[in-house]
Amino acid sequence: MKHDPNCLFCKIVDRKIPAKLIHNDEMAIAFEDINPQAPSHILIVPNEHISDIQSMKEGERELIGHLFFVARNIAAARGLDKGGYRLVINNGRDAGQAVFHIHLHLLSGRAFAWPPG
């Protein structure tokens with residue numbers, strides 16, 4: 001499994017930095033965002049280091065799809081699916097990506113505007 005020793009999320013995956021874990025399996029973890037942008041703001045992160053969408057390989061389709069199933073299951077378990085939730089992936093600095101380890105934001109608990117940003 002690929003890891004970047006300088007990556008914040010790899011350090012969380014490796015338990016070198018603490019996080020409030022919500023989900024943990026062989027492919028991904030999920031944890032509360034320390035700077036929440038909504039009442040519920042959860043990050044879903046693959047255990048393998050993938051910098052961004054442009055860095056994905058063909059063989060990682062299942063891993064990336066798994067992130068969405070984890071999000072769905074967390075939303076259902078927390079009742080977030082009742083009022084709705086937003087899933088976001090920022091890709092690149094101009095899109096707001098701050099940590100270059102692909103991750104899915106699960107946001108809920110308030111109304112969201114469209115278009116975002």
Side-chain angles (χ1 to χ4, degrees):
M1 187 175 323
K2 298 181 297 186
H3 282 244
D4 178 344
N6 300 312
C7 172
L8 174 66
F9 289 169
C10 284
K11 290 176 183 179
I12 292 172
V13 167
D14 291 338
R15 309 302 189 273
K16 294 178 179 172
I17 293 177
K20 185 176 177 186
L21 289 183
I22 295 167
H23 174 87
N24 182 26
D25 66 30
E26 68 282 350
M27 296 173 79
I29 64 169
F31 52 91
E32 299 279 351
D33 193 303
I34 62 169
N35 185 26
Q37 302 300 305
S40 292
H41 188 167
I42 298 161
L43 300 176
I44 300 127
V45 177
N47 291 338
E48 184 167 332
H49 183 82
I50 304 168
S51 295
D52 55 25
I53 291 170
Q54 300 313 122
S55 301
M56 291 186 307
K57 307 282 188 259
E58 278 295 317
E60 293 165 334
R61 287 180 185 212
E62 182 180 350
L63 174 60
I64 300 306
H66 181 71
L67 302 180
F68 287 87
F69 278 92
V70 170
R72 180 198 66 173
N73 294 342
I74 291 170
R78 292 186 165 213
L80 305 176
D81 57 333
K82 305 298 185 244
Y85 57 92
R86 180 172 283 179
L87 298 175
V88 176
I89 296 177
N90 298 318
N91 187 67
R93 290 194 197 288
D94 288 347
Q97 186 175 5
V99 178
F100 283 80
H101 182 128
I102 198 168
H103 55 287
L104 185 61
H105 295 260
L106 168 59
L107 302 143
S108 187
R110 67 172 174 84
F112 297 98
W114 193 261

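Contact annotation: the side chain of His3 never approaches that of Pro5 to less than 4.5 Å [non-hydrogen atoms, C-beta and beyond]. Proximity of Phe100 to Arg93: side-chain heavy atoms (C-beta onward) are separated by under 4.5 Å at one or more points.
Ring geometry for His105 versus His41: interplanar angle of 30 to 60°, hence tilted.
Leu104 and Ala71 make their closest contact through CD2-CB, 4.0 Å (heavy atoms, listed as atom of the first residue, atom of the second, distance). Between Pro46 and Leu67, the closest heavy-atom pair is N-CD2, 3.7 Å. Minimum interatomic distance between Met56 and Ile102 (heavy atoms only, all atoms of both residues): SD-CD1, 4.0 Å. Ser40 and Leu80 make their closest contact through OG-CD2, 3.7 Å (heavy atoms, listed as atom of the first residue, atom of the second, distance). Here the closest non-hydrogen pair linking Gly109 and Pro39 is O-CG, 3.3 Å.
Ile64 is not connected to Leu43 by any chain of hydrophobic side-chain contacts under 4.5 Å among Ile, Leu, Val, Met, Phe, Trp and Tyr, and they are in different clusters. Linking Ile, Leu, Val, Met, Phe, Trp and Tyr whenever their side-chain heavy atoms come within less than 4.5 Å puts Ile17 and Val45 in one cluster. Clustering ILVMFWY residues whenever any of their side-chain heavy atoms sit less than 4.5 angstrom apart, transitively, puts Ile53 in the very cluster that holds Leu106. Under the 4.5 Å side-chain heavy-atom criterion for Ile, Leu, Val, Met, Phe, Trp and Tyr, Ile12 and Val99 are members of the same hydrophobic cluster. Placement of Val70 and Tyr85 within a single hydrophobic cluster is found when ILVMFWY residues are connected by side-chain heavy-atom separations under 4.5 Å, directly or transitively.
Listed for the Asn47 side chain is no donor-acceptor partner under 3.5 Å among the backbone atoms of Val13. A donor-acceptor pair is defined here as one N or O able to donate and one able to accept, closer than 3.5 Å; such a pair exists between the side chain of Ser108 and the backbone of Gly84. Within the 3.5 Å criterion, the main-chain N or O of Gln37 finds a donor-acceptor partner in the side chain of Arg110.
The residues Lys2 and Glu60 are annotated as salt-bridged, a charged nitrogen and a carboxylate oxygen being separated by less than 4.0 angstrom.
With no hydrogens or angles considered, a side-chain donor-acceptor pair links His66 and Asp25 at under 3.5 Å.
Taken from CD1 in Ile29 to CG in Asp14, the straight-line distance is 9.0 Å, to the nearest 0.5 Å. Here the CG atom belonging to Asn6 is positioned 13.5 Å from the NE2 atom belonging to His101, to the nearest 0.5 angstrom. To the nearest 0.5 Å, atoms CD (Glu32) and CD1 (Ile22) are separated by 4.0 Å. We find the CD-CG distance between Gln54 and Asn91 to be 5.5 Å, quoted to the nearest 0.5 Å. Annotation: the span from Arg72 atom CZ to Leu87 atom CG amounts to 12.0 Å, rounded to 0.5 Å. Rounding to the nearest 0.5 Å places CG of Asp33 at 7.5 Å from NE2 of His103.
Within 6.0 Å of atom CZ in Phe69, 12 or fewer heavy atoms from other residues, nucleotides or ligands are found, so the atom counts as exposed in its surroundings.
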Verify side chain to side chain contact (heavy atoms under 4.5 Å, CB included) between Asn73 and His23, making sure each step is shown before the conclusion. CA-CA 10 Å; Asn73 294 342; His23 174 87; over 6 Å; no
